[in-house]
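Have a look at the structure below, then the notes.
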Amino acid sequence: MGGIVGIFDKGNINSAADAYYGLIALQHRGQQSAGIAINNEGVITCYKEMGLVGEVFDEKILNLLKGDMVLGHVRYSTSGQSFASNAQPLMVKYKNGSLALSHDGRLINAFDIRDQMEDQGMIFSTSIDSEVIAALIAKHYKGDIVSAILETVKIIKGSYALAIMTKDKLIGVRDGPGMRPLVLGRFDSGYILASESCAIDTIGGELIRDIKPGEIVVIDEKGIKSIPGNGKDPKKSCIFEYLYFARPDSIMDDIGIYKSREKAGRILAREQPAKADIVISVPDSGTPAGIGYANESGTPYSIGLIKNRYVGRSFIQPTQAMRELGVKLKLNPLKEYIKGKRVVMVDDSIVRGTTSKKIIQSLREAGAVEVHVRVSSPPVMNPCYFGIDTPSKKELVGSIKYVERIKDFIEADSLGYLSLEGLLESVGSEGEGFCTACFSGDYPMEI
Ligand code: AMP
């Protein structure tokens, strides 16, 4: 899991500032570490640290990062531990100088490749799968970087959106099924690659298009060149991006994230009606679906939970104890709106069940007479091996399978999930084009 940004802006030696704003816009994609690699006339240097973008970089540091080509990364670890040495962009030396790489996604055969390369005498300096990609590109470089990348993508399996910077090129790569997102944008004098279009908006650029599944895009002084994918893999974009992960103001593969979430809420209201006085949502990710649910059902929408904006995502705290405290720190009910009411509480997903259980408790303490939980996605039953941080099957409350038992576990008066068909309808699909493995178990490749 991560957010990536790459900027090619010939002559603008303050490009690092643009990358910084792009990373701030992508902060929701990873809060553990942040980094910027800068290219100054072919010389690449990198600054990265543990922490949020605003903690890692200040004006003084940004002023030292002069150059007109830049790569940025925010990271939340799903592979490798949470150490500074695992922060990205990664830098490797290869036959043509230095190469910097930002990766969002997760490889499923990184251990095997690494094992083989170590047997051949290769030394790795991090524990992340992304280093395997960088090492393979370096190994296969015979004078042409695109050929080296083409050789590499034949070997690696899994999900990846990559931004790669060499001394004279910025390159974007998206995995064959297009599991992880990557978009291309432009501004007056240059080009931007980013995980989400909200980063392009923030920098003041214009979205051109999504990098297509399997496509490689090369940006250099000559302009843009596209090398299409082999077209063998059916498209399987991650549906979790649409319902939870991406920012609602982003547009991904031509689908507006807010719009798809609002539609999911509307479909949910039709599939799982509830008699209630108000509809509330779990901020922020449940809000568009909550509004959709209220719009469709005619039950008034109300802000019911106030979020402390200075606490990170509750899920993201590593231990269960911290996670439970995290929910309390983060959300507080608006008592005068809740008291005496039958409440529909809409959230985008239930993973471990911790969030719902805690919120329901606090809504009852605030005087709610009934709490009906409605979820704008199906039960999360299977772990993700492609970059979304879902826990092992035994921690997934959805793998209990019986909705009735989950309802009892979270202590709701009723519980209703959106069907998979409903979720696919919300993104305009008739069943094709999306990885739904976390709900369906139908993985896009053999694990
Ligand atoms: P849980 O408390 O484990 O059931 O987590 C569910 C809550 O975490 C929901 O409110 C979601 O918005 C949010 N969530 C779902 N998936 C993730 C994820 N992969 N990382 C962080 N938060 C998540």
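Counting starts at 1 for both ligands and their atoms, in listed order. Atoms considered below: every heavy atom in the structure, side chains included; atoms not considered: hydrogens, waters and symmetry mates.
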**Asked** With a 4.0 Å heavy-atom cut-off (strictly under), which part of Asp347 contacts ligand 1: side chain, backbone, both or neither?
**Response**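 Asp347 to ligand 1: side-chain contact only, backbone stays beyond 4.0 Å.
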**Message:** Below a 4.0 angstrom heavy-atom separation, can you tell me which part of Thr355, side chain or backbone, both or neither, approaches ligand 1?
**Reply:**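 It is both parts that get close, each with some atom under 4.0 Å.
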Which of the atoms in ligand 1, numbered in the order shown and given with their element, are less than 4.0 Å from a heavy-atom of [X]?
X: Phe240; result: 16 (N)
X: Ile350; result: 4 (O)
X: Asp389; result: 18 (C), 19 (N)
X: Ile388; result: 19 (N)

**Asked** Between Gly353, Gly398, Gly387, Ser285, which one has a non-hydrogen atom sitting closest to atom 4 (O) of ligand 1?
**Response**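 The residue whose heavy atom sits nearest atom 4 (O) of ligand 1 is Gly353.
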**Asked** Is a side-chain donor or acceptor of Glu411 paired with a backbone partner of Ile360 at a separation under 3.5 angstrom?
**Response**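 No, because the side chain of Glu411 does not come within donor-acceptor range (under 3.5 Å) of the backbone of Ile360.
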**Request:** Kindly say whether Val371 contributes a backbone atom to a donor-acceptor pair with the side chain of Asp413 at under 3.5 angstrom?
**Result:**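 Yes, the answer is positive, given that a donor and an acceptor are paired below the 3.5 Å cut-off.
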**Request:** Check Arg75, Arg174, Arg29 against Asp104 for a salt bridge (Lys or Arg N to Asp or Glu O under 4.0 Å) and give me the one that passes.
**Result:**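 Of the listed options, the one satisfying the test is Arg29.
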**Request:** Measure the shortest side-chain to side-chain distance between Ser250 and Ser197 over non-hydrogen atoms and say whether it is less than 4.5 angstrom.
**Result:**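 Side-chain contact under 4.5 Å: yes.
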**Request:** Give the ring-plane orientation class for Phe386 versus Tyr443, where under 30° counts as parallel, over 60° as perpendicular and anything between as tilted.
**Result:**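 Because their plane-to-plane angle lies in the 30° to 60° range, the rings of Phe386 and Tyr443 count as tilted.
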**Asked** Above 12 or not: heavy atoms from other molecules or residues under 6.0 Å from CZ of Phe124?
**Response**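 Atom CZ in Phe124 is packed in, count exceeds 12.
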